[in-house]
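None of these values were measured; they are calculated from a predicted model. Convention: sequence-line order gives letters A, B, ...; per-chain numbering from 1.
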Amino acid sequence: MYSDKVMDHFQNPRNVGEIENPDGVGTAGNPTCGDIMKLYIKVNDGKIMDAKFQTFGCGAAIATSSMVTEMVKGKTIEEALRISNKAVAEALDGLPPIKMHCSVLAEEALQAAINDYNERLTKKNNE
Amino acid sequence: MYSDKVMDHFQNPRNVGEIENPDGVGTAGNPTCGDIMKLYIKVNDGKIMDAKFQTFGCGAAIATSSMVTEMVKGKTIEEALRISNKAVAEALDGLPPIKMHCSVLAEEALQAAINDYNERLTKKNNE
Amino acid sequence: MRFVYLDHAATTPTDPEVVKEMLPCFTESFGNPSTLYKIGREAKKAITLARDKVAVAIGAKSEEIIFTSGGTESDNFALKGVAFANEQKGKHIITSSVEHHAVLETCKFLAKNGFEITYLPVDKYGIVDPEDVRKAVTDKTILVSVMQANNEVGTIEPIAETGKIVKEKGIYFHTDAVQAIGAVPVNVNDLNVDLLALSAHKFYGPKGVGALYIRKGTRMMSLINGGHQERRRRAGTENVPGIVGLGKAIELAVSKMEERSKQLTFLRDKLINGILDNIENVRLNGHPEKRLPNNANFSFEFVEGESMLLNLDLVGVAVSSGSACTSDTLEPSHVLSAMKVPIEIAHGSVRFTLGKNTTEEDIDYVLEVLPPIIKKLRQMSPLREGLDLNV
Amino acid sequence: MRFVYLDHAATTPTDPEVVKEMLPCFTESFGNPSTLYKIGREAKKAITLARDKVAVAIGAKSEEIIFTSGGTESDNFALKGVAFANEQKGKHIITSSVEHHAVLETCKFLAKNGFEITYLPVDKYGIVDPEDVRKAVTDKTILVSVMQANNEVGTIEPIAETGKIVKEKGIYFHTDAVQAIGAVPVNVNDLNVDLLALSAHKFYGPKGVGALYIRKGTRMMSLINGGHQERRRRAGTENVPGIVGLGKAIELAVSKMEERSKQLTFLRDKLINGILDNIENVRLNGHPEKRLPNNANFSFEFVEGESMLLNLDLVGVAVSSGSACTSDTLEPSHVLSAMKVPIEIAHGSVRFTLGKNTTEEDIDYVLEVLPPIIKKLRQMSPLREGLDLNV
Ligand SMILES: Cc1ncc(COP(=O)(O)O)c(C=O)c1O
Ligand SMILES: Cc1ncc(COP(=O)(O)O)c(C=O)c1O
């Protein structure tokens, strides 16, 4: 049911783990719905230099987490905000219909991490 | 579904045909119900000396016709009247439940033939 | 002794090629198609492939094919499924008086549940007039069900015409194509049907598996509730070997239809002419031309069907007297009755249905053994020409 | 790579001995059992023999066995059949909250049709208290349905006790014994049941065939109308190969039950102990003793079921996460929910169900490959002990 690309990212997920002193952290989902994604980003000069994730979830949840961290690296914040769940799914050669919500989760986690980054920035600027 | 005995009487029916100048003729059933039996008897001294049948019907109808003609031969009229449908069925080592009505038909045809004989006798005696 | 099987309308032997495709599903790719691991995915793929084959065979989309346990379930599903999902629109259903029991008994059940059923008459050949369908439609009609080909007398109904009329009226149309697959072209769009029932064992597939075509958008209720198999329309672990067998069988049936049809028509006509020429007081039931290529149904006057059948069995010839499903009833065929065949003549009906393995020698054999059987039984019969039968 | 199939609760491979018995029914004794000639009678004999075997296996009379297309149809038939035939007496049905979807979805359907359904709770092991059944009965109750053994967690229910209570009340009692056949003793009189569902593919028989035991005298409506097969209770040309396979399979299952049970219990306990001893934060779901000899169901905290399942599949181990039928839903197992397993822990459940061909080496292999998978997934997980999960 999963594409080869999904299976590759599921078996060999990229960017697993935490970033120490991240510039932004975002979480999406919750354990009762069966998937949680936690995304860490390191930003430099408005560019995402590094991204890591921790995920509790199904094969698609792990693969989309892996893929989204790959996709954001090197992108500016604005570019990263334009990464849609569909783009993540497409980059994985598609997802089964009932698993599309996992790509939504990835998009949400990324946006939460960016929001967190923006908030920290505002806070810092206001200090 | 039929016993070997039924199949034997079906394949090699005994006493098929008409009796010329019979002493009694009886018919049971009708073509719309799918079975008709016509039974002929020749009586001498109150004893059935010969019996023949013509039957339009299923395997069981033919076999019971054949069996009942065999059973009545040599019997007195009283004895013949006591031949029940069950006795015919038993003599054939049984009939499938849905075919028991064929044995009823055989009993009815026999009784009709005996009635006919009795009527002719009464008529003759009254002449 | 020669064995001549001429009851292919009752069931067919499973094609060895079909059995071969089924075998690995029992012991190797035996997974449950709902599971995620390898042999589960393999099983899923196998039924997807079979679904595609069925879809191609009848001109449908794959997602419009639902696998069932056979023709009877498919007919039940079609009728009850549409009836109970659309009863707020109306409770009137139109069908014909020559349908298979799978349809008629389901209609009886629906009648007990408040539906009104119109049973259309047929002409002497068993044909349902499309104009009668048009006239029977009311504003309460939700479903019309007419079979594509009759299982007893082999008559082929004008389904495309009927379908056109039903479509214009915006009503659902079901056809029981159980006897049609592999015998005549079956295309759901040409036929204008919304639902179509088929059964594998009638075209050299296994028993216990069938399918229902359900046109996209058709409002249906499930007949069997449970797991989420078959797009949630039919629950239960899929009969993987059966479904794979059905797929292979329908593929073969359709690809070989033309060739087989020609051969069957030739042999059937040889049988028909041989019987009509050599036996007196016999009539062919059903339409002379609009009939299944493998069906020859006769009434032999003055003799009863079962006794012919048993005598033929004793010489190795397997035929049926009326529908096989009803051999345990004593009622004469409802199909022949609807065609106004007199009841005593209906009792003398025998159905010969040929198959892909039937040979000319088989037909010669039947033509050799049949006349003496008829003769013997007629000699035993109290009935004869000119006799008032209602003794 | 080693292939270790541990999803026997989802389906089993068909025993080659069973396939061997089925084969002649496809191409040789292929007759329709409703027909009168030789190969028809042979087919009829074959299904009669199979019926006798099923009857013997569950302590019933042959005429009380009706063949169906599987466990799901049997459950539907039992529930709808009793419900619609007895609704004048009352429209209340009692069942449990841990039934298979075949029962639960059928109850949902009945609820939509005006029946009132009581779903009894279970204890933390998944057991339905017979006293709860007694308390739930009203004067409108017509049917109680509780499964004999649970397909997810393997818990064995006290059916005999429940049956006694239901019998005293004069109500019909159905049990879904789909997972029990061949695993624990099943006797309709010891269990005090009026109806009992079974499915061949769960005990090394073919998919697509099952049976429903219906105690003599039970008022039932048919689910599938049509021809007069199965004592007019279930229409449709009989799935002869399937029925023959079911007969052989149940005969083998019952005759080998004791021996297999012992071996399975040994291997199951080795697996359970191996996992509990070597992996932290794991719990066994279901009852520690009153469980099927082949079932081991665990919740691995902080990891999700599907990702474990896929990782195990990659090393050749086939297991399931919850009921196979529900793998396309995203809801966590209703059985674990009913047992009050916290939802995030329910998501981490994996079911291992062993079979007759499972070896000690298979178990050793699982115990070798599983811990690193759990470790890897836990390293990837944002959850861990002590963490507030509702982030
Ligand atoms: C026209 C027709 N419809 C339905 C059926 C029922 O199919 P099945 O026997 O597969 O249930 C049959 C055959 O028995 C048939 O000939
Ligand atoms: C307890 C239980 N009941 C019913 C069923 C349904 O049986 P089937 O898949 O044969 O329809 C299953 C298995 O899927 C089951 O485990």
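Remark: Asn76(C) CG to Leu223(D) CG distance equals 7.5 Å, nearest 0.5 Å. The CG atom of Leu310(D) lies 6.0 Å from the CG atom of Leu36(C); values are rounded to the nearest 0.5 Å. In this structure, Glu73(C) CD and Ile224(D) CD1 are separated by 4.5 Å, a value rounded to the nearest 0.5 Å. A distance of 4.5 Å separates OG1 in Thr237(C) from NZ in Lys202(D), rounded to the nearest 0.5 Å. To the nearest 0.5 Å, atoms CD1 (Ile39(D)) and CG (Asp7(C)) are separated by 8.5 Å. Put simply, NZ on Lys112(C) and CE on Met221(D) are 9.0 Å apart, with the number rounded to the nearest 0.5 Å.
Contacts of Ile243(C) with chain D are absent, with no heavy-atom separation under 4.5 Å from either backbone or side chain. Neither the backbone nor the side chain of Leu314(D) comes within contact range of chain C; no heavy atoms are under 4.5 Å apart. Only the side chain of Val19(C) comes within less than 4.5 Å of a heavy atom in chain D; its backbone stays farther off. Using a 4.5 Å cut-off between heavy atoms, Thr68(C) makes no contact with chain D at all. Neither the backbone nor the side chain of Ser29(D) comes within contact range of chain C; no heavy atom of the residue lies under 4.5 Å from a heavy atom of that chain. Residue Phe3(D) touches chain C through its side chain alone, counting heavy-atom pairs closer than 4.5 Å. No part of Phe77(D) comes within reach of chain C, as not one of its non-hydrogen atoms sits under 4.5 angstrom from that chain. Contact of Glu28(C) with chain D is not made at all, since no heavy-atom distance falls under 4.5 Å. For Val319(C), the part lying near chain D is the backbone, with the side chain staying farther off; criterion is any non-hydrogen pair under 4.5 Å.
Between Tyr37(C) and Tyr5(D), the two ring planes are perpendicular [angle over 60°; tilted spans 30° to 60°].
Looking at Phe26(C) and Met22(D), their side chains come closer than 4.5 Å, going by heavy atoms from C-beta outward. A heavy-atom distance below 4.5 Å is not found between the side chains of Gln229(D) and Thr72(C). No side-chain heavy atom of Phe84(D) sits under 4.5 Å from any side-chain heavy atom of Asn113(C). Between Lys108(C) and Asn225(D) the shortest side-chain heavy-atom distance does not fall below 4.5 Å.
In terms of heavy-atom pairs under 4.5 angstrom with chain C, the leader among Cys25(D), Gly208(D), Pro206(D) is Gly208(D). Highest contact tally toward chain D, considering only Ala318(C), Gly236(C), Ala102(C), Gly70(C), is held by Ala318(C) [criterion: heavy-atom pairs under 4.5 Å]. Taking Ser222(D), Gly210(D), Ala235(D) one by one and counting their heavy-atom pairs under 4.5 Å with chain C, the maximum is reached by Ala235(D).
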**Report entry** Leu309(C)/Thr35(D) under side chain to side chain contact (heavy atoms under 4.5 Å, CB included): CA gap, chis, key distance, verdict
**Finding:** CA-CA 10 Å; Leu309(C) 190 162; Thr35(D) 57; over 6 Å; no
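Annotation for Lys356(D): atom NZ counts as buried by contact number, over 12 foreign heavy atoms lying within 6.0 Å. More than 12 non-hydrogen atoms from other residues, nucleotides or ligands lie less than 6.0 angstrom from CZ of Arg2(D).
In plain terms, the two heavy atoms of Pro13(D) and Thr27(C) that are nearest each other are CB-O, 4.4 Å. Nearest heavy atom pair, residue Gly31(C) against residue Thr11(D), reads C-CG2, 3.8 Å. Looking at every heavy atom in both residues, Gly226(C) comes nearest to Glu105(D) through O-CG, 3.3 Å. Closest approach of Lys207(C) to Phe30(D), counting heavy atoms only: NZ-O, 2.6 Å. Looking at every heavy atom in both residues, Arg234(D) comes nearest to Ser69(C) through NH2-OG, 2.9 Å.
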